[in-house]
Each structure stands twice: as structure tokens, then as C-alpha cells.
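Step one of this worksheet: look at the structure below.
Order of the sequence lines fixes the chain letters, A, B, ..., with proteins taken first and strands second; residue numbering starts at 1 for each chain.
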Amino acid sequence: MSDPELRRRLYRVMVLARACDDRVAALKAQGEIAGSAFLGRGQEAFSGAAGLCLRPGDVFAPAIRDQAARLAFGETPLDVMRVVLGRRTGWMRGRDGNIHRGDWSRGILPFISHLGAMAAPVAGVLLARRLGGRLGDTVGAIAIGEGGMNTGALHEALVVIGVERLPVVLLVADNCYAYSTPRERSYACRDLAERAAGYGFAAQRCDGTDADDCLRACQAAFAAARRGSGPQMVVADLLRLAGHGTHDDASYVPAELRSRYGDCLPLFERTLIREGVLSAEEAERTRAQCRAEVEAALQQARSEPAADAATDEWRVYSESDLLNLRWRR
Amino acid sequence: MSDPELRRRLYRVMVLARACDDRVAALKAQGEIAGSAFLGRGQEAFSGAAGLCLRPGDVFAPAIRDQAARLAFGETPLDVMRVVLGRRTGWMRGRDGNIHRGDWSRGILPFISHLGAMAAPVAGVLLARRLGGRLGDTVGAIAIGEGGMNTGALHEALVVIGVERLPVVLLVADNCYAYSTPRERSYACRDLAERAAGYGFAAQRCDGTDADDCLRACQAAFAAARRGSGPQMVVADLLRLAGHGTHDDASYVPAELRSRYGDCLPLFERTLIREGVLSAEEAERTRAQCRAEVEAALQQARSEPAADAATDEWRVYSESDLLNLRWRR
Amino acid sequence: MKYLEAIRLALGEILAEEPRAFFYGQDIAGPFGGAFKATKGLSERFPGRVLNSPIVEDAMAGLAIGAAMEGARPIIEYQFADFASIAFNQLVNHAATTYWRTGRSCPLVIRLPVGGTPGGGPFHCQMPEGWLTHHPGLVVVAPATVADAYFMLKDAVACRDPVCVLEHKYLYYHLESDFDPATAEHLGLGRAALRRRGEDLTIISWSGMVHRALAAAAELESAHGIAAEVLDLRCLKPLDAESILASLAHTGRVLIVHEGFPYGGVAAEVLALCCERGFAWLDAPPQRLSARDTPVPFHPDLFAAYLPDERAIVQAALELASF
Amino acid sequence: MKYLEAIRLALGEILAEEPRAFFYGQDIAGPFGGAFKATKGLSERFPGRVLNSPIVEDAMAGLAIGAAMEGARPIIEYQFADFASIAFNQLVNHAATTYWRTGRSCPLVIRLPVGGTPGGGPFHCQMPEGWLTHHPGLVVVAPATVADAYFMLKDAVACRDPVCVLEHKYLYYHLESDFDPATAEHLGLGRAALRRRGEDLTIISWSGMVHRALAAAAELESAHGIAAEVLDLRCLKPLDAESILASLAHTGRVLIVHEGFPYGGVAAEVLALCCERGFAWLDAPPQRLSARDTPVPFHPDLFAAYLPDERAIVQAALELASF
Ligand SMILES: Cc1ncc(C[n+]2csc(CCOP(=O)(O)OP(=O)(O)O)c2C)c(N)n1
Ligand SMILES: Cc1ncc(C[n+]2csc(CCOP(=O)(O)OP(=O)(O)O)c2C)c(N)n1
Ligand SMILES: [Mg+2]
Ligand SMILES: [Mg+2]
């Protein structure tokens with residue numbers, strides 16, 4: 001069992017992620033967010049546990065339900081709100097939105113929608129560091145769903161990571177569904193850990209509804225990657241406790257399945273309280289604090305300027321004078 | 001051990017394939033072939049064994065070194081010569097050449113160069129048959145090298161084949177090299193059979209230099225696929241005994257490796273003679289017959305008209321009147 | 001009937017009337033019925049013929065090629081046209097080349113939800129016709145009306161060549177008309193349609209932009225007394241050159257309006273066609289209005305400024321008319 | 001020095017002078033040194049900086065994006081430009097959009113062996129500029145001379161935006177000149193170059209076709225007394241509009257000659273540019289000569305008939321000059 005301090009930190013990250021997501025869902029319902037909104041409900045344990053294993057200097061390619069990992073790795077509710085509201089102050093300056101947000105300089109990769117496409121860039125970051133003698137014990141984490149595991153882009157990247165033996169942790173959140181498609185239509189193996197060996201990855205499995213189990217598996221995988229034991233895969237078994245996006249009622253999820261998978265957040269809270277790691281009052285206070293933090297971030301973001309078509313520059317090249325550009329030494 | 005008749009058939013296919021390849025190499029050296037020429041030298045045992053497991057009605061997507069499988073499945077030396085010489089009478093009518101040749105109506109898929117791209121079409125053929133109630137016990141075979149196993153296209157196709165549980169046999173000729181790239185730069189697992197489970201495929205391994213072992217593995221795999229046991233993979237360990245194409249001297253292959261892998265054709269011939277399945281005279285006669293058959297095909301192809309820019313039609317659509325095309329029932 | 005309902009109606013009839021047809025795509029089976037609900041109810045009515053695909057865009061196209069060559073009539077749906085980028089190779093190098101290379105036709109249909117919606121962002125709003133038309137061998141159509149949404153889909157299935165059908169996402173829910181398949185005019189798949197007649201200039205457009213062009217034409221008429229002809233290309237490859245040149249000959253002035261990227265693509269091709277073959281009729285330099293040469297922006301204000309709007313079309317038309 | 005040798009020279013200097021640079025591609029490491037030997041000897045001289053890739057074109061581009069964003073200067077080689085189709089998504093949706101979306105530049109270089117050779121067939125001969133230029137965000141250059149093969153590659157590495165360098169396979173071995181990097185003129189990356197001056201018409205071309213255009217221009221002069229100007233675009237995106245329009249203003253007649261597919265692409269864009277912005281100078285309808293609208297044929301006779309040859313260029317120029 002991990003140390004109490006870490007478990008309390010994980011609990012807080014999970015609560016904050018849930019609060020962020022809840023607020024985003026409400027904003028979407030109120031019509032304040034353009035486009036789609038995606039929630040990580042039910043995945044906070046696995047995502048948060050992975051995020052807590054990341055250290056400054058690491059690089060992380062989140063998937064669409066990784067609010068918890070993001071927060072654990074340094075994203076703030078203000079970063080979230082600025083982007084979902086399209087503020088010019090946000091990472092994406094209104095050009096891209098929602099869960100595409102990221103910031104290369106903080107190691108949170110701003111993703112393109114195409115599932116699987118962010119894995120090879122993580123390999124590229126690590127390879128560049130190794131070539132530059134700057135790899136140290138940094139690692140790269142790649143999050144993906146069981147649906148995204150099928151993309152050719154991911155496959156090709158895993159091949160490279162295996163062959164180059166890069167310090168990567170692949171975090172597979174198998175949440176029973178890819179949009180409305182059940183996992184039986186996504187893979188024909190027992191579970192996706194069976195894909196690890198073929199890429200030269202070591203594999204861990206964990207119960208995604210059990211935060212302690214997630215912590216155990218993630219800690220083992222990140223430690224192994226950091227000490228040079230080669231690429232690692234962690235597969236979590238869980239259920240998406242929301243629609244694909246807020247527009248989706250997920251009515252295609254049978255009740256039987258819903259009853260089989262618990263909600264990691266109250267489960268973890270009960271465990272921590274039962275084991276005396278957390279008091280009920282602390283839990284209540286944490287929830288209130290997180291809600292307040294999210295609310296403050298929202299107010300701040302709302303007060304900031306939105307992207308502005310008239311004054312924002314529309315340049316697609318960073319070079320200002322391609323016409324006369326010349327190599328010089 | 002397979003029955004003597006089958007072994008003799010395999011021997012003949014291997015000899016004929018080698019004769020075809022040798023003649024193609026000579027034609028290329030003489031300047032009679034435009035573009036590249038690729039040889040299957042050293043892979044005749046595995047390729048031929050697989051080809052002999054195919055039956056009329058099956059579908060086969062060959063890789064670039066499958067002269068033996070092609071011949072076993074019904075391609076003739078005349079089909080080969082017509083295409084490599086760009087005859088208008090050939091399957092590709094001079095529009096495409098060399099190993100891209102194929103004929104959908106015979107179940108030999110004419111491939112596009114992009115490695116991995118032919119696997120999904122094989123799945124499509126089988127799925128269409130199943131939906132049309134015409135699948136019966138036909139199977140689809142997909143040949144690929146260890147290098148091609150890394151393509152996203154192949155991965156995505158294998159996912160579909162696994163999920164749909166299609167009667168496919170994936171034939172992986174791991175010949176130590178992808179062009180000049182050694183297998184250690186292509187995969188980080190022990191061997192590629194380790195990728196089977198992740199796709200829901202059963203796996204067989206065989207020694208690609210041992211024709212009997214190839215027959216054993218292929219027969220088992222094809223029989224399993226035919227009887228509905230789901231997709232199968234066969235991985236053969238062998239060495240490419242030629243350059244990547246005739247333009248490549250393969251000087252990057254170390255002598256140590258060359259001495260480790262034998263040539264399947266003389267090895268098989270010696271075994272068959274030793275075991276009394278074949279006499280030395282029969283072997284000599286077979287070689288002479290095959291050479292003569294190839295030579296006759298070449299003369300025939302040479303006598304036929306080449307593609308002709310002036311008279312051949314250049315239409316890219318099969319519909320003659322797209323302007324007025326309308327659905328009618 | 002709405003544009004989306006016309007598509008659903010056509011899809012149901014295709015399964016009913018064409019026994020070789022089947023659908024393959026992400027999340028298209030029941031009860032979900034597709035990200036945009038185009039196939040809602042169909043897997044229940046036609047068991048086994050509406051299949052959910054894993055997230056394998058490249059293999060979806062490859063599978064369709066194999067099925068088509070085997071004699072089936074596969075209709076694949078990409079969830080957003082943007083994701084068809086994954087299948088670029090199978091589409092342009094395989095589906096498109098097969099008839100020419102092998103003499104055997106490849107009758108498959110690719111349904112592509114295209115076009116911008118506010119908040120959609122860089123990867124859910126693209127127009128793919130630029131790259132689909134550039135490579136030889138694909139038929140590319142872009143229905144802009146409810147009737148075309150219905151007819152062109154069925155015509156696409158009747159076609160023995162691979163057809164990409166661009167369905168505009170904004171029109172899905174926002175375009176409605178009292179379309180009756182029994183009585184509506186059924187143009188051939190490759191024909192352009194004159195949506196409005198005029199004398200002064202021709203606005204050439206396609207897909208969702210046709211409706212902005214029509215609105216601009218109405219404004220030009222009512223506010224400026226300028227009679228703009230609006231030609232809806234319908235089929236982007238091959239082009240109905242005759243109709244394009246006839247309209248150019250009629251008005252002498254051409255403005256091409258679309259929502260795709262500005263460099264190359266269909267707009268440049270149509271402009272080149274007008275100049276190469278209709279030079280003598282040109283009374284003014286033909287002009288294009290396109291999106292800006294950037295990715296599609298997420299924020300609704302940026303998005304609004306990104307695409308040519310009615311005002312920009314009117315402005316460009318006024319300049320053209322007074323040249 | 002040959003075109004290929006100039007590339008190899010530039011690649012060696014890049015590794016020597018730019019410590020952040022590394023090469024990634026199939027079969028590029030020693031002793032093999034690449035399918036066309038462009039990197040021959042370099043992995044020995046610069047251990048660990050020339051890396052063989054598995055057959056993963058999409059991941060190659062993705063890896064380069066990550067490395068570039070991390071501060072390295074990745075230079076990737078596709079074995080044939082045709083195989084870059086596999087990386088379409090990473091190139092046009094990721095590398096191309098990153099600066100615009102994130103404000104951080106993505107300095108990577110993609111080396112693409114392009115163009116037709118007899119017997120190469122449909123998948124080893126393509127020109128990819130049509131789709132590379134259509135999407136916003138990539139810089140696309142096509143060196144046609146030995147000097148440009150050298151300079152533009154180095155300039156591409158100096159550029160902070162993603163640059164696609166189209167290297168023509170036929171020129172690799174067949175183009176030779178007495179190029180000296182120390183004294184040769186070094187044009188800016190984005191500039192077009194006037195390769196021949198003339199009064200009567202302008203032939204605009206790029207990549208391998210520049211040489212056919214020059215041969216045709218010589219023939220036009222000697223056999224027909226027509227002075228054709230030949231403008232080598234060099235940079236296909238962004239276009240050097242000023243040089244294009246200046247030449248058009250000078251001659252009033254434009255013929256665009258290239259070896260890519262006819263629909264859309266660079267030729268249509270250049271033609272559209274001439275008409276939209278140079279209409280007043282046009283004395284004749286601008287014309288294009290492209291490959292046929294089919295895949296590239298394998299048989300050398302078909303291949304010869306597929307591309308515009310010198311005779312076709314002369315013929316088109318004569319018609320244009322006498323319009
Ligand atoms: C290549 C690609 N195809 C389709 C989509 C549309 N899409 C977005 S999320 C999603 C489902 C993803 O499922 P999974 O990977 O299991 O992640 P989850 O949503 O369950 O967290 C789909 C189909 C996409 N983003 N990229
Ligand atoms: C997608 C793609 N990338 C690159 C190539 C060029 N190419 C042709 S064959 C080959 C090597 C293939 O190696 P492998 O799959 O092991 O087959 P082998 O040649 O060893 O039989 C390469 C790189 C290609 N055809 N397709
Ligand atoms: Mg999922
Ligand atoms: Mg190999």
C-alpha cells in the first residue's frame with residue numbers, strides 16, 4: 001500500500017478533476033462552451049495515479065479523459081477554463097479548444113483529434129533528449145483508450161518505442177466503450193496487455209475502479225521505465241461513467257455493466273475514511289475547496305479577453321520572411 | 001511428415017519459382033525489364049508450402065517474394081513474363097509491373113506498393129462472402145515480411161480480422177532484413193509470433209529453410225482457418241538469399257548470418273533424395289522442365305504486343321457516362 | 001424533410017433495394033445509429049448489414065475495396081471527414097487506381113461528414129475535396145440540397161466507380177425542404193445545377209456554401225439590382241465543364257465561393273478551367289473566395305471570420321460586377 | 001557535381017554545423033546509405049545521428065514532430081515520396097498546424113524523392129506537391145538545379161517551419177554541373193528563379209520539368225524564333241507571387257508545365273494567381289501542361305506518353321504565342 005500522503009494527494013486530484021469536469025459539463029449545458037465537452041468521470045483513479053507518477057521534465061500525451069492526470073502533472077483549473085472558453089490568454093488562444101489543450105513547454109502535449117497520433121511525438125521528444133544527452137531519468141507517458149489502441153498511428157509508434165527501447169509508459173484506459181462501440185468490437189484478445197509483448201513492452205494490469213491498485217501498477221511501471229527497464233504498458237479495467245461527450249446519454253450501456261463497475265471516487269473516499277487516512281470532514285472540505293478553486297478559475301477566465309478575429313494574427317508560418325530565408329553559419 | 005506426393009509437388013513448385021526468378025534476374029540484367037525486379041530466393045519453401053495449402057476460391061495477397069506461392073495457387077510463368085515485360089496481354093496491361101501483378105478474379109490480389117495495404121482488402125473479400133452467404137470454407141492468406149508487420153495498415157487490418165474472426169492465415173516471412181534493415185531494428189520481441197495473441201490470432205512458428213516444417217505449419221494453420229477456428233499466423237524464420245532487388249548486392253548481410261541459414265531448395269532436394277521420395281534423375285528432369293517452361297513462357301510473352309500509348313484507353317473511370325448516371329430499380 | 005432525414009431515407013432504401021449493399025463505420029449500428037444518426041434504426045431493420053468498425057480508418061477503406069472487388073456494395077461512413085486523412089493512402093492509391101490498373105471496377109461509397117460548425121475546431125470541420133479530387137480515379141460529389149442528399153447517395157451506390165459523398169454537417173440539421181422523392185427532379189450524378197438564374201455574374205459554389213451564395217445573390221438583387229447566377233457544382237470530380245462554361249458565356253463574370261483551404265483544390269481548378277477554355281467570354285478576372293489559409297479555428301468568433309460570409313460574397317460580387 | 005552529390009554534401013555539412021540535427025529514415029544508415037545513397041558514409045562520420053527507421057512512415061513524421069518541438073532538428077527521408085501518403089495525417093494535420101495552434105514552431109525537414117522514372121510505375125513516381133501545398137502550414141520546395149539541391153536543403157534546416165524538400169529522382173544521377181558552394185549564387189528559400197529570359201511567353205515550371213521547359217525554350221528560339229522565358233518556381237508554397245506576376249507582365253503569356261496530376265494542385269493555383277491578379281497583362285489564356293489524369297504507368301512507352309514531352313511543350317508554346 002502506498003504511503004498515506006500520496007493517497008491523500010491522489011484523492012485530492014481526483015476530487016479536483018471531478019469538480020473541473022462537473023463545471024465544464026454545466027458550462028456546456030448552459031451554452032457557454034462551443035463544440036463538444038468530454039468528461040473523465042470514472043477514470044480519475046487511473047488517470048490521477050498516472051499523473052502523480054509524472055515529474056517535472058517528463059512529457060505526457062493525455063487522452064480525452066485525463067483531467068486528473070493533467071492536474072496531477074501541473075495543469076490548473078485556470079488553464080482548463082481559459083481553453084474551454086476560448087480565451088486569448090489560454091494555451092490555445094481560441095484556435096483549438098477543449099481537451100486538445102496542452103503546452104509543449106510544460107510537457108503536456110496539445111493533441112490533434114486523430115487518436116493515436118500523439119504517441120510518435122512522445123517518442124520523438126525522448127529520442128531528441130537521448131541524442132542530446134539530456135534524457136536523464138525523464139519518461140514519456142502516453143494515454144490511450146482501448147479504441148485508440150487499434151489505430152495504425154499508435155501501432156507504428158509502439159514499434160519505434162520498442163525498437164529504440166525508450167522510457168515510455170503507455171496508459172491504456174479500457175473503459176468498455178469507444179464512443180458507443182463495446183470492447184468486444186475493439187479487440188479479440190483477452191485484454192490489451194496481450195499486445196505488450198509483441199512490441200517489447202512489459203505489462204501491468206490494474207483495476208481502474210480501485211485507486212490503490214492503480215497507484216501500485218503505475219508506480220511500478222513508471223519506476224521501471226525510469227530505471228531503464230524499457231517501455232511499459234499499464235492496462236486499467238474500468239467503465240466510462242458518462243457519455244462519450246456531454247451530448248451523449250450513453251443509453252447503450254446496459255444496466256448490468258453499470259452495476260458491475262463502481263465509481264472510483266466514492267470508493268476511494270470510503271476506503272481512505274475507513275482506514276483512517278482521511279476524515280469525513282477533510283473529505284467534505286476537500287470537495288468544497290476544489291469546487292471553489294474551479295469556480296475562481298472560471299471567474300478569472302471569464303474576465304479575460306476572448307480570441308479576437310480582428311486583432312489576433314493569422315500567420316501559419318513562424319518565419320516572417322520565407323522569401324529571403326537562408327542558412328548561415 | 002506430409003505425403004510424398006505433396007512433397008514432390010512442393011519441390012516442383014520451388015524449382016519452378018527459382019527458375020522464374022532466375023530468368024527474371026537475367027532479363028533485368030540484360031535490360032529487358034524496366035524498373036525493379038525482386039526475387040524470392042531462399043523463401044520458396046515457406047511460400048510454396050503456403051501456396052499449396054490454397055484452394056481454388058481462396059483469396060491470396062502475396063508479398064514481394066512469393067513467386068512460389070503464386071505458382072502453387074495457379075499463376076503461370078506466362079502470367080509472370082507478360083507482366084514483367086509490360087505486355088498488353090498481361091494482367092496489368094503494362095500499367096503496373098513486376099510483383100504488383102495479380103488478378104482479382106483468380107483470387108491473386110494485384111498489390112499496391114505500400115506494404116500492409118493488401119491485408120484489409122482480404123478481410124473485405126471474406127466479409128463480403130460471409131454477408132452474401134458464400135464464405136463456405138474458403139480462406140484468405142496474407143503474406144508479409146517482418147518489416148511490413150510494422151505498418152499501421154497491417155495492424156488495423158489484423159484488428160478487424162480478429163474482431164470479425166475471419167478465416168485468415170497471415171504468413172510472416174521473417175527473412176532477417178527489410179531492405180538493408182536488420183530485424184533487430186524492426187521488432188523488439190523475441191519473434192513476431194508474439195504479436196498473434198494481441199490480435200486474437202493463433203500462432204505457429206516454422207523453420208523457413210526446412211520445407212517439411214513449412215508444410216507442417218502451413219497445413220495446420222490453413223486447416224484451422226478453414227474449419228472456423230479463427231485467424232491464424234505462421235511465422236517463418238529464414239534469410240533472404242538475394243538483394244532486396246536485383247540492384248542490391250546485399251553486402252550488408254554478414255557472412256556469419258549467411259552461414260547460419262541454408263538454402264531451402266537444395267536442402268529439400270537432398271532430403272527427398274535421401275528419403276527416396278525423389279531420384280536424382282527426377283530432380284534433374286524437374287529442373288530442366290521448369291527451365292524450359294519458363295523459357296517457353298518468355299518466348300510467348302516476347303511475341304505478344306506491348307502496351308501501346310496510342311491505342312490503349314486511358315480511362316480512369318469504369319462508368320462511361322458519369323454525367324447522366326442515375327440509380328434505377 | 002431534413003437533409004439528414006433524406007440521407008437516412010436513401011440509406012434504408014439502398015439496403016432494401018440493393019441486396020449487395022452493407023454499411024461499415026464507427027458507431028453506426030443500433031441503437032446508437034451513428035455520430036450524426038444517419039443510420040439510426042437501420043441495423044434493426046436490416047440485421048447483419050450495418051456493422052460497427054473499430055477505430056481503423058485505413059482498414060475501413062481497405063476492407064471496402066476488397067468487398068467491392070468481391071461484388072458487394074460497401075458503403076463506409078467516416079465519423080468526420082477529417083479522420084479520412086488516416087485512409088488517404090487506401091483512398092487515393094488503392095480505391096482510385098484499381099480500375100485503371102486492373103480493368104476491374106471498384107464500386108464503393110465513402111460517406112464523409114464535412115464542413116465547419118462553430119466550436120468544431122481544426123479537426124472536425126475540414127473540407128476534403130482538395131485532396132480527394134487531385135488524385136485520379138475518385139468520383140467526388142457534394143450534395144447541397146435535400147433532394148441531392150437523397151438522390152446523389154443512391155446514385156453513388158449505383159456507380160461502379162468509388163464515390164466520395166461529402167455530406168455537410170451544418171446542413172444535416174439546418175436544411176429542410178418539402179422534398180418528395182417521387183416527384184422531385186433527379187439530375188444525373190455528374191451534373192451541375194443552376195440554382196438561380198442571372199445575367200450579371202456567376203457565383204460558382206458547392207456544399208454548404210451554396211446557401212450563402214444564394215443568400216448573397218438575393219441580397220445583390222434586392223439591394224443592388226445585380227442579377228447573380230448561382231451554379232451549384234454538385235459533382236466536384238469529374239467537373240461538369242459544359243455547365244460551367246455555359247454559365248460563364250452567359251454572364252462573363254465568375255466568382256467561386258467555397259469553405260475549403262485557399263491553395264489549389266477545386267476552386268483553383270474551376271478558375272483554371274474558366275480561363276483556359278472560356279477566356280474569350282471573360283469580362284473580368286475570375287475571383288475566388290475561400291477560407292483563410294490556416295487551420296479551422298475553434299472559437300466561434302474566429303470561425304465566423306475564417307469563412308467567407310454573405311457580406312464578403314456580396315462585396316466581392318459588387319467589385320466583380322463593376323470591373 | 002551531381003544533384004545527388006550536392007544533397008550528400010549538404011547533409012554532411014548539416015550534421016557538422018548543426019549539432020541539433022539528426023536523420024531518421026528507412027535504410028539510411030551505413031554501410032547501405034539509403035535507397036538512393038544520399039546519406040552514404042554519413043552514419044560512419046557522425047555516429048548515432050543517422051538512424052534507421054522501421055517501416056513506419058506515419059510514426060517517422062510523428063517522431064520528427066516531437067523531436068522538433070523538443071528543440072532538435074530532425075531531417076526525415078521517405079524512401080519514395082509515394083510512401084509519404086502513409087504520413088498524410090501527421091504531415092498536414094499535425095506538423096502543418098502546430099505553430100498556428102500552439103505558437104511554437106516545428107522545425108523539421110522532410111526529404112521526398114519525387115518524380116517519374118521509366119518502369120517506376122504508379123507508386124514510385126508520384127509528385128506530392130498537390131496535397132502538401134493544399135493544407136495550410138507546410139513549406140514546400142522543389143530544387144531543380146544542383147545548386148538548389150544543396151542550398152535549399154540547408155535553408156530548409158535553417159527554417160523554423162516544417163519544410164518538405166522534393167528531390168527529383170531522375171535528377172539524382174542525371175543532372176550535373178560545376179557547382180561550387182563558395183561562389184554560387186544563393187537565392188532565398190522562397191524565391192522563384194528566372195532560368196532563361198524571353199519576351200514572347202513565360203513557361204512556369206518546377207522540379208524535373210524545368211529541364212524539359214529549358215530544352216523546349218531552346219528549341220522555340222532556334223527553330224521558331226520565339227523567345228520563351230523560363231521561370232523555375234523553386235518554392236511551391238508559399239509562392240513567389242511577385243516574380244510570377246512580373247514575368248507575366250513582361251510577356252503577357254503563361255504556360256505552366258509540370259509532371260503532376262492535372263486536377264488542382266500547384267499548376268491550377270499558379271494559373272489562378274495569374275488570372276486573379278494579373279488579368280490585365282494577359283494577352284492570351286494561360287495554359288497548363290500536366291501529366292494525364294491517370295496513375296503513373298509502368299511501361300516505358302506509356303510513361304513517355306504520360307508526361308508532357310519537349311515536343312508537347314513546344315507545340316503548346318507555339319499555340320500560345322500565336323494566340
Ligand atoms: C482516428 C480517429 N477516428 C475517430 C475519432 C473520433 N473519436 C473520438 S474519441 C472516439 C472513441 C475513442 O474510444 P477510446 O479510445 O476507447 O477512448 P474513450 O473515449 O473510451 O476514452 C472516437 C471514435 C478520432 N478522434 N480519431
Ligand atoms: C509503406 C512502405 N514503405 C516503404 C516501402 C519500400 N519498401 C519496399 S519493400 C521494403 C522492405 C520490406 O521488408 P519486409 O517487409 O521485411 O519484406 P522483405 O523485402 O524482407 O521480403 C521497403 C522498405 C514500401 N513498399 N511501402
Ligand atoms: Mg474506451
Ligand atoms: Mg524482411
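Heavy-atom neighbours of chain C within the stretch residues 231-246 of chain D, taken at a separation under 4.5 angstrom, comprise D/L236, D/K237, D/L239. Residues of residues 123-135 of chain C that come closer than 4.5 Å to chain D, counting heavy atoms only, are C/F123, C/Q126, C/G130, C/W131, C/T133, C/H134, C/H135, ordered by residue number.
Put simply, the side chain of C/W206 reaches to within 4.5 Å of the side chain of C/I256, judged on heavy atoms. The shortest distance between side-chain heavy atoms of D/L63 and D/I65 does not fall below 4.5 Å. The side-chain heavy atoms of C/N93 and D/D82, taken from C-beta on, include no pair separated by under 4.5 Å. Side-chain contact between C/I110 and C/V163 is absent, with no heavy atoms from C-beta onward closer than 4.5 Å. Between C/L271 and D/E276, some side-chain heavy-atom pair lies under the 4.5 Å cut-off.
Scored by the side-chain hydrogen bond (donor to acceptor under 3.5 Å, both in side chains) test, D/T294 finds no partners at all (sequence neighbours excluded). Residues that satisfy the side-chain hydrogen bond (donor to acceptor under 3.5 Å, both in side chains) test with C/D58, not counting sequence neighbours, are absent from this structure.
Between D/G260 and D/S290, the closest heavy-atom pair is O-CB, 3.7 Å. Residue C/C164 comes nearest to C/L112 through the heavy atom pair CB-CD1, 3.9 Å, listed as atom of the first residue, atom of the second, then distance. Across all their heavy atoms, D/L289 and D/A316 have their closest contact at CD1-CB, 3.9 Å. Of all heavy-atom pairs spanning C/Q90 and C/A61, the tightest one is CB-CB, 3.7 Å. Closest heavy-atom contact between C/V257 and C/I203: CG2-CG2, 3.7 Å. Minimum interatomic distance between C/F261 and C/P295 (heavy atoms only, all atoms of both residues): CE2-CA, 4.4 Å.
Using modelled atom types, one finds a donor on one side chain and an acceptor on the other under 3.5 Å when comparing C/Q26 with C/E57.
Most heavy-atom pairs under 4.5 Å with chain C, from the set D/G264, D/P285, D/C274: that is D/P285. The candidate with the highest count of non-hydrogen atom pairs below 4.5 Å against chain C, out of D/A284, D/G137, D/G278, is D/A284. Each of D/R292, D/Q287, D/R288 has some count of heavy-atom pairs under 4.5 Å with chain C, and the biggest count is that of D/R288. The choice from C/V266, C/N89, C/I86 that makes the most heavy-atom pairs within less than 4.5 Å of chain D is C/N89. Taking C/G121, C/P136, C/P122 one by one and counting their heavy-atom pairs under 4.5 Å with chain D, the maximum is reached by C/P136.
Neither the backbone nor the side chain of D/A280 comes within less than 4.5 Å of any heavy atom in chain C. Heavy atoms of D/P262 lying under 4.5 Å from chain C belong exclusively to its backbone. Only the side chain of C/R101 comes within contact range of chain D, with at least one heavy atom under 4.5 Å from a heavy atom of that chain. Neither the backbone nor the side chain of C/A87 comes within less than 4.5 Å of any heavy atom of chain D.
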